[in-house]
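The basis for the numbers below is simple: all heavy atoms, side chains too, and nothing from hydrogens, waters or symmetry mates. Both ligands and their constituent atoms are indexed starting at 1 by order of listing.
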Amino acid sequence: MDNSNSNGLNADEKLATLRFICDNKSHITVDNNKCKNCNEKVCLNCCPADVYEQIEDKIEVNYENCLECGTCTICCPYGAINWNYPQGAKGVRYRFG
Ligand code: SF4
Ligand code: SF4
C-alpha cells in the first residue's frame with residue numbers, strides 16, 4: 001500500500017520535517033503509583049512518537065519527542081498522565097504547506 005500523502009511523503013518522511021526546540025523541563029509526568037494497577041499499558045502503543053517507555057516496572061517519558069497531539073491524555077485509563085504544553089516557544093514546530 002502506498003502510504004505517501006499529497007506531498008509525496010510517507011509518514012516517516014513527514015515526521016522528519018519537524019523541528020523541536022527542547023525544553024529542559026518535561027511537560028509530561030506520569031504517576032507511576034497509578035501505573036502499578038494498569039495491565040493495559042496503552043501509553044506504550046498509543047503515542048505516535050514513542051514517548052512512553054517501560055523500563056523495568058516504571059513508565060519513563062521521553063518528552064523531547066512529543067508531537068503535542070494529546071492522544072495519551074485521552075487513552076490512559078487511570079489518569080496517570082499529567083500533560084501540559086511546553087513552556088514558552090519550546091516544543092514541536094510544524095511546517096504547513
Ligand atoms: S496507560 Fe496510563 S496508567 Fe497505564 S501504564 Fe500508561 S501511563 Fe500508566
Ligand atoms: S501528546 Fe501525543 S506525541 Fe505527545 S506524548 Fe502524548 S501521545 Fe505522544
Check: Pro86 and Lys25 side chains under 4.5 Å, non-hydrogen atoms: no

Can you check whether Tyr78 reaches Glu40 side chain to side chain, under 4.5 Å on heavy atoms? yes

Do Asn33 and Lys36 get their side chains close enough for a donor-acceptor pair, meaning under 3.5 Å? yes

Which heavy-atom pair separates His27 from Cys66 by the least distance, and what is that distance? NE2-SG, 3.4 Å

Between Cys72 and Trp83 the two heavy atoms that sit nearest each other are SG-CD1, 4.0 Å

By number and element, which atoms of ligand 2 are closer than 4.0 Å to a non-hydrogen atom of [X]?
X	value
Gly70	1 (S), 2 (Fe)
Val51	5 (S)
Leu67	3 (S), 4 (Fe)
Cys47	3 (S), 5 (S), 7 (S), 8 (Fe)

Using 2.8 Å as a strict upper limit, say whether an N, O or S atom of Cys69 approaches atom 2 (Fe) of ligand 2 that closely. yes

Does atom NZ of Lys58 have more than 12 heavy-atom neighbours, drawn from other residues, nucleotides or ligands, at distances under 6.0 Å? no

Residue Phe20 excluded, over 12 heavy atoms near CZ under 6.0 Å: yes

Taken in chain and number order and not counting sequence neighbours, the residues that satisfy side-chain hydrogen bond (donor to acceptor under 3.5 Å, both in side chains) with Asn24 are none

Within a distance under 2.8 Å of atom 2 (Fe) of ligand 1, the protein atoms of type N, O or S are Cys76 SG

In the protein, which heavy atom is nearest to atom 4 (Fe) of ligand 2, and how far is it? Cys66 SG, 2.3 Å

For Tyr52 and ligand 2, answer yes if some heavy atom of the residue is under 4.0 Å from a ligand atom, otherwise no. yes

The residue among Val42, Val61, Asn45 that forms side chain to side chain contact (heavy atoms under 4.5 Å, CB included) with Tyr52 is Val61

